Amino acid sequence: MSLDEMKDLQLVGKYIQPETREVNGVLMTKIMSDNWDKIWNFQAKPDDLLIASYAKSGTTWTQEIVDMIQNDGDVQKCQRANTFDRHPFIEWTLPPPLNSGLDLASKMPSPRTLKTHLPAQLLPPSFWKENSKIIYVARNPKDCLVSYYHFSRMTKMMPDPGSWEEYIESFKTGKVLWGSWYNHVKGWWDAKDKHRILYLFYEDMKEDPKREIQKILKFLEKEMPEEVLNKILYHTSFDVMKQNPMANYTTLPTILMDQSISPFMRKGMPGDWKNYFTVAQNEEFDKDYQKKMAGSTLTFRTEI
Ligand SMILES: Nc1ncnc2c1ncn2[C@@H]1O[C@H](COP(=O)(O)OS(=O)(=O)O)[C@@H](OP(=O)(O)O)[C@H]1O
């Protein structure tokens with residue numbers, strides 16, 4: 001599916017996905033649930049690299065870092081295509097003739113870098129069997145919720161978020177696409193000790209991006225001269241990515257993402273939740289958080 005085809009209004013209509021269905025208790029778009037068997041049976045390869053996350057946790061940022069590493073800091077190569085074409089989003093399903101994530105993945109030569117928002121228990125089992133490397137990025141729930149709320153308001157490719165108050169409830173009860181944030185981050189946290197998973201945090205990436213890029217380099221068994229590392233750091237900074245049409249989703253037509261409502265590269269900062277949660281909402285959220293995360297060793301910073 002080219003950008004020109006996307007401008008064809010009839011085809012663009014096919015991208016609009018307001019209907020949802022549960023797959024094993026996790027909310028997906030209806031078309032994903034209709035195609036669940038194909039997704040579940042996706043054939044991963046041992047040299048695939050999967051970037052996994054709950055939505056709005058720093059996926060695109062991680063994708064850009066990984067692409068820059070794989071291309072030895074060559075900015076032009078990283079601008080060969082939109083993020084969503086460079087790294088197939090495996091479960092994202094669209095009606096023909098549009099390309100679904102599975103179509104893009106099957107056409108891509110190895111070694112492939114793929115994206116998913118699936119919770120660990122719904123990851124196609126071939127990834128575990130083939131022992132593919134996985135980078136998981138997690139973000140604190142309050143900023144994740146705020147980012148997800150704004151994104152859901154501006155895109156037609158997902159259900160309407162409703163009011164802010166309604167959305168907090170939907171997020172807390174997992175009635176959003178890809179289900180419960182709590183189960184997602186915990187599920188992948190538990191999986192990390194049994195598989196080849198690098199578990200990163202958005203807040204750590206903000207605090208010291210160089211340190212976190214070095215972790216990714218080590219995980220990918222790559223080394224890089226200091227000057228290339230600095231180039232990657234610069235090219236993947238929020239301000240530079242915000243201006244990069246191949247990373248900021250501005251090539252998509254307004255009917256699918258209306259960035260005048262809220263830009264994809266919105267604020268990119270930890271602690272923005274304080275501008276949205278009332279004191280009462282925050283207390284309620286924290287109480288619920290304690291219950292849902294009880295017993296887990298996983299902790300988050302809600303500001304840095
Ligand atoms: N380079 C860089 N630095 C800091 N923050 C960044 C960067 N790139 C993307 N972002 C922010 O990440 C949020 C989008 O998350 P995702 O990429 O996971 O979204 S998606 O689920 O793949 O659509 C979204 O967060 P919010 O700004 O809080 O909405 C983006 O702005």
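Keep in mind that this is a model prediction, so the values were computed, not measured. Counting starts at 1 for both ligands and their atoms, following the listed order.
- Under 4.0 angstrom from ligand 1, there are no non-hydrogen atoms of Met157.
- Between Phe171 and Tyr54, the two ring planes are perpendicular [angle over 60°; tilted spans 30° to 60°].
- Atoms of ligand 1 found under 4.0 Å from any heavy atom of Ser237 (numbered from 1 in listed order, with element): 1 (N).
- The protein heavy-atom contact nearest to atom 22 (O) of ligand 1 is Lys115 NZ, 3.0 Å.
- At a 4.0 Å cut-off, not a single heavy atom of Asp272 sits close enough to ligand 1 to count as contact.
- The protein non-hydrogen atom at the shortest distance from atom 17 (O) of ligand 1 is Thr60 OG1, 2.5 Å.
- The aromatic rings of Trp164 and Phe277 stand perpendicular to each other, their planes meeting at an angle above 60°, with 30° marking the opposite boundary.
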- Task: Applying side chain to side chain donor-acceptor pair (under 3.5 Å), run through His184 and Tyr136 and close with a yes or a no.
- Result: CA-CA 11 Å; His184 208 285; Tyr136 184 81; 2.8 Å; yes
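- Looking at Thr236 against ligand 1, only its backbone comes within 4.0 Å, counting heavy atoms.
- Note: Tyr149 and Trp273 fail the aromatic proximity criterion, with ring centroids not under 6.0 Å apart.
- For ligand 1 and Gly268, the ligand atoms under 4.0 Å from any heavy atom of the residue are 4 (C), 5 (N), 26 (P), 27 (O), 28 (O), 31 (O).
- The contact set between ligand 1 and His117, taken as ligand atoms under 4.0 Å from a residue heavy atom, comprises 20 (S), 21 (O), 22 (O).
- Heavy atoms from both the backbone and the side chain of Arg266 come within less than 4.0 Å of ligand 1.
- By the 4.0 Å N-to-carboxylate-O rule, Glu226 lies close enough to Lys210 to be salt-bridged with it.
- Applying side chain to side chain donor-acceptor pair (under 3.5 Å) to Ser53 and the options Thr59, Thr62, Thr60, Thr116 leaves one that passes, Thr59.
- Contacts with ligand 1 closer than 4.0 Å are made by side-chain heavy atoms of Tyr202 only, the backbone lying farther away.
- In this structure, Ser53 does not count as a contact residue of ligand 1, since none of its heavy atoms falls inside 4.0 Å of the ligand.
- Of all the atoms in ligand 1, the ones that sit under 4.0 Å from a non-hydrogen atom of Phe264 are 17 (O), 19 (O), 23 (O), 24 (C), 30 (C), 31 (O).
- In Ser147, the parts holding a heavy atom less than 4.0 Å from any atom of ligand 1 are both the side chain and the backbone.
- Heavy-atom distances between Met241 and ligand 1 reach below 4.0 Å in at least one pair.
- Results of the ring pair (Phe, Tyr, Trp, His ring centres under 6.0 Å) test with His117 over Trp178, Trp181, Trp92, Tyr148 single out Trp178 as the only residue that passes.
- Two rings, from Tyr276 and His150, have their centers less than 6.0 Å apart.
- Among protein heavy atoms, the minimum distance from atom 18 (O) of ligand 1 is reached at Thr59 OG1, 2.4 Å.
- A salt bridge links Arg112 with Asp48: the closest approach of a Lys/Arg side-chain nitrogen to an acidic carboxylate oxygen falls below 4.0 angstrom.
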- Please walk me through it: do Thr251 and Asn82 pass side chain to side chain donor-acceptor pair (under 3.5 Å)? CA-CA 8 Å; Thr251 56; Asn82 286 288; 2.7 Å; yes
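- Ligand-side atoms of ligand 1 in range of Ala55: 21 (O), range being under 4.0 angstrom from any heavy atom.
- Ionic pairing of Glu203 and Lys206 is not present here: no N-O contact between side-chain nitrogen and carboxylate oxygen is shorter than 4.0 angstrom.
- Using the six-membered ring where Trp is involved, Phe201 and Tyr199 have ring planes that are tilted, between 30° and 60° apart.
- In terms of protein heavy atoms, atom 8 (N) of ligand 1 is closest to Met265 CE, 3.3 Å.
- Side-chain heavy atoms closer than 4.5 Å link hydrophobic residues (I, L, V, M, F, W, Y) into clusters, and following such links, possibly through other members, connects Met157 to Val23.
- Within the listing of ligand 1, atoms 1 (N), 2 (C), 3 (N), 4 (C), 5 (N), 7 (C), 8 (N) sit less than 4.0 angstrom from a heavy atom of Trp61.
- Contact annotation for Ala247 and ligand 1: no heavy atom of the residue comes within less than 4.0 Å of the ligand.
- At least one heavy atom of Arg139 sits closer than 4.0 Å to an atom of ligand 1.
- Counting protein heavy atoms only, atom 21 (O) of ligand 1 is closest to Lys56 N, 2.9 Å.
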